[in-house]
Amino acid sequence: MITNANWISAPVDTGAVCPIFSKRIKTEKTVKKAEISISATGVYEAEINGRRIGDFILAPGCTSYKSRLQYQMYDVTNMLETENTLSICLGKGWYRGRISASDKTINETDGAVIAELVITYTDGSTESIVTDNSWSVTTSRILFSDIYDGETYDATAEIKDLGNAVINDSISKSTLIPQEGETVKEHERIKPVKIFITPKGEYVIDFGQNIAGYVSLDLTSKSGDKIVISHAEVLDNDGNFYNANYRSAKARIEYTCRDGHQVYTPHFTYFGFRYIRLDERPYNIMPDNLTAVAVYSDMKRTGYIETGSEKVNKLFENTLWSQRDNFIDIPTDCPQRDERMGWLGDAQVFAKTASYNYNTKKFFGKWLGDLRAEQRENGSVPDTVPNFWLIPRSSTAWGDAMSVIPWQMYLMYGDKKDIEHNFDAMKRWVDFMTSDSLDKYLWTCVDDSDKKQRKHYGDWLALDAPYGSYRGITPDNFIASAFYAYSTEILIKAGKAIEKDMSEYEELYKNIVSAFQKTFTEYTTQTECVLALYFNLADNKPETAKQLNDMIIANDNRLQTGFVGTPYLLYALSENGYAQTAYSLLLQEEYPSWLYEVNHGATTIWEHWDGIRDDGTFWSTDMNSYNHYAYGSVVDWLYSVAGGIKPVEENAGFKEAVIAPVPDKRLGSINVSLDTEYGTIKSAWHYEGDKVCYEITTSVKATIIINGEKHLVVSGTYYF
């Protein structure tokens, strides 16, 4: 057990320099098995005899550290020799870096590591080596490292002996938990597609794809040569390097070379970037000297889409990249600027798409553990998890991640434990909304125009407000009351799935719907219509659906919705007789639209519909990420409506499926494939003249619905 070990810290303050903790170990008998458990208040890399232990990048990961700190266990049997040096290098990471500066209770914690190596010999004896004050401490060549600001590494730096480690009893071992989530690993390796001099005379490299990760250097140089790298997502209208949208994040690598051939990869940081600028270089760097390395949680790919539109295919690819780039142990909003927070609203709207694209069961399972840990006594939850910024409020659509994501995990993977683990927290969230409202059976509050006093984010970044606004005009009370109903409905379904008596909440739900319909009798925005339809709150759905359709057409087949309305927009149309309008929005190429971004060279999903305007200028420097997955939530409509693949609630996890594709000649064709716990489902259609030809392959029980006709099947390939 790792709790047999001690937290140890450096004997002196090492400042920005990353310390290394080392222990010499002799194994004079034959080793049968050797396992080591490691954690840190920060991030660590461990080695035995100079060989790295494991491939987890930024271990032990990002959690709500006051309650949960993961440790990892590695099999190192084949790494041990007779004489061994075990070393652990410690960086600040999320725990003690600038990202958590607001939370001094963790940010100002001493840097420390804890480890236990258990060796079992062939004679049956065992030996345990734990971190204690016999470990030595030295400096490393990592002179500075931070999640936001980057890393400084001097390959010529002198390694200084700092003495023996000190046992740090001020850090609790009670928060240590075994690894729960996916490990973060290196994935795609991308070579430069272009090296050029900008109009400003800067030396810039284009990797052709916006990623999260870092650049690995492979070069031959002389001692003292220096390479300084800045990162960016886009070029400005004149073709110059642009990263003002990173705000205060320095996002720099400074590497000082030693003599000869060398390979350097950053250790304790990552960046969001497509371009790098070489601010200093010893000579003209060539493509072979540079490799961009994508870093993200090691999830299994499950979903695939190919359509007859290359632009829609690019939209799908961009969504995949934004998911990868923002699924680095927690679901972040963006990977580049001084934020990278686990925003609940973004995760809530994207969870469905995410779990079609990849198996997210472990990823979200671990993060939901952090969400439960951050839930307050009154049932409210912060807007970001971990709550590094100490956000005190709890907002509609953001907090509803507490109900939406566990239910989505159950639908996709059919594991009732996903509900059982989260049910009490889901219930407490609904109870919080009940108690927090000014009006019974609604969630209402004083709608103060003062930004600092507003409780909710509203329809974030919607386009129905004056240009430049962050919020749409849909009233907060409308959105909050709609999500109150939605989360209550989900809670009832979840409770019934695990055989709970939900009669109290069924009565509550009826009263919420009744109060909503009596209070909100007219809809004036696209988002109001969307939520009323998708959450089954509209008193007259045909009339509301027609109103939404008319709004879209009157706006030249363009949307005005933001983070709250957009994820459900196409569903609200297609489920109510207006699939053609849903396709018109999907295929729209003028601003605002998904394909507008594609036409402007996007390789990931943008935060703003007009992150780059038609004239090449930018929306703003304050909040303008080019790698924000929220609007990529349209992809789950491609899976479940265009391709038609849906789970059945009564047999969740795709033990049983509904396959009901909805074609449109303008898309031409679609081929959707989904790997589930029970087998693979494929749904494809294409046009031959005006005739639609369907090919559906399923290895699970399914109801295929074509032109309104139901076909009950078990497995096989079917043509219609």
Side-chain angles (χ1 to χ4, degrees), residues 55-58 150-151 153 182-198 202-219 227-235 239 241-243 245-246 251-253 255 262-279 281 284-301 304 310 313-329 332 334-337 340 357-358 597-598 600-606 625-629 632:
D55 55 4
F56 191 159
I57 308 299
L58 300 173
E151 189 163 292
Y153 188 99
E182 303 283 8
T183 58
V184 178
K185 294 184 178 180
E186 294 183 347
H187 291 274
E188 292 86 353
R189 303 180 71 84
I190 303 170
K191 299 302 292 185
V193 297
K194 185 180 180 183
I195 297 178
F196 60 99
I197 305 297
T198 70
E202 297 168 323
Y203 196 82
V204 172
I205 291 92
D206 178 8
F207 289 96
Q209 174 62 52
N210 198 5
I211 70 165
Y214 38 65
V215 171
S216 178
L217 300 175
D218 185 335
L219 68 165
I227 298 172
V228 178
I229 297 173
S230 294
H231 299 76
E233 296 182 287
V234 295
L235 303 177
F241 185 87
Y242 173 89
N243 65 0
N245 63 315
Y246 285 37
R252 282 164 59 89
I253 289 293
Y255 177 72
Q262 54 214 284
V263 175
Y264 164 73
T265 300
H267 297 266
F268 298 133
T269 190
Y270 74 91
F271 311 92
F273 68 100
R274 171 177 170 171
Y275 301 91
I276 62 171
R277 181 182 64 199
L278 296 184
D279 299 325
R281 66 187 193 281
N284 284 344
I285 300 293
M286 301 303 290
D288 288 346
N289 300 129
L290 302 164
T291 304
V293 183
V295 171
Y296 51 89
S297 291
D298 195 30
M299 306 167 293
K300 179 184 177 183
R301 175 82 179 273
Y304 303 84
E310 289 303 316
N313 293 341
K314 182 61 176 172
L315 167 64
F316 175 60
E317 182 183 345
N318 291 356
T319 302
L320 289 173
W321 271 110
S322 277
Q323 178 174 351
R324 296 169 188 142
D325 297 341
N326 283 291
F327 275 41
I328 300 180
D329 207 42
T332 58
C334 58
Q336 78 295 97
R337 67 186 180 218
R340 314 188 204 186
N357 288 338
Y358 285 88
E597 298 178 11
V598 171
H600 284 69
T603 64
T604 43
I605 302 298
W606 295 352
S625 161
Y626 296 96
N627 204 345
H628 236 78
Y629 56 60

Query raised in the report: Mind checking whether F196 and Y275 have parallel, tilted or perpendicular rings, split at 30° and 60°?
Result: perpendicular

Closest heavy-atom pair and its distance - [X], [Y]:
X: P335; Y: Y270; value: O-CE1, 3.7 Å
X: H187; Y: K185; value: CD2-O, 3.1 Å
X: I328; Y: A212; value: CD1-CB, 3.8 Å
X: F316; Y: N357; value: CE1-OD1, 3.5 Å
X: S322; Y: N627; value: OG-OD1, 2.7 Å
X: H267; Y: Y153; value: NE2-CE1, 3.8 Å

Query raised in the report: Do I211 and Y296 come within less than 4.5 Å of each other through their side chains, counting heavy atoms only?
Result: no

Query raised in the report: Do Q336 and D325 touch side chain to side chain, with heavy atoms closer than 4.5 Å?
Result: no

May I ask you to decide if [Y]'s main-chain N or O and [X]'s side chain share a donor-acceptor pair within less than 3.5 Å?
X: K191; Y: L290; answer: yes
X: S625; Y: C334; answer: no
X: E597; Y: W606; answer: yes
X: E233; Y: G272; answer: no
X: S230; Y: R252; answer: no
X: Y203; Y: I285; answer: yes
X: D206; Y: V193; answer: no
X: D279; Y: I229; answer: no

Query raised in the report: What distance do R301 atom CZ and L320 atom CG have between them, rounded to the nearest 0.5 Å?
Result: 4.5 Å

Query raised in the report: Between N326 and T332, is any side-chain donor less than 3.5 angstrom from a side-chain acceptor?
Result: yes

**Report entry** Residue pair E202, I197: steps toward the side chain to side chain contact (heavy atoms under 4.5 Å, CB included) verdict
**Finding:** CA-CA 5 Å; E202 297 168 323; I197 305 297; over 6 Å; no

**Report entry** Q209 vs E188, side chain to side chain contact (heavy atoms under 4.5 Å, CB included): CA-CA, chis, key distance, verdict
**Finding:** CA-CA 11 Å; Q209 174 62 52; E188 292 86 353; over 6 Å; no

**Report entry** With F327, the ring pair (Phe, Tyr, Trp, His ring centres under 6.0 Å) member among Y358, Y629, W321
**Finding:** Y629

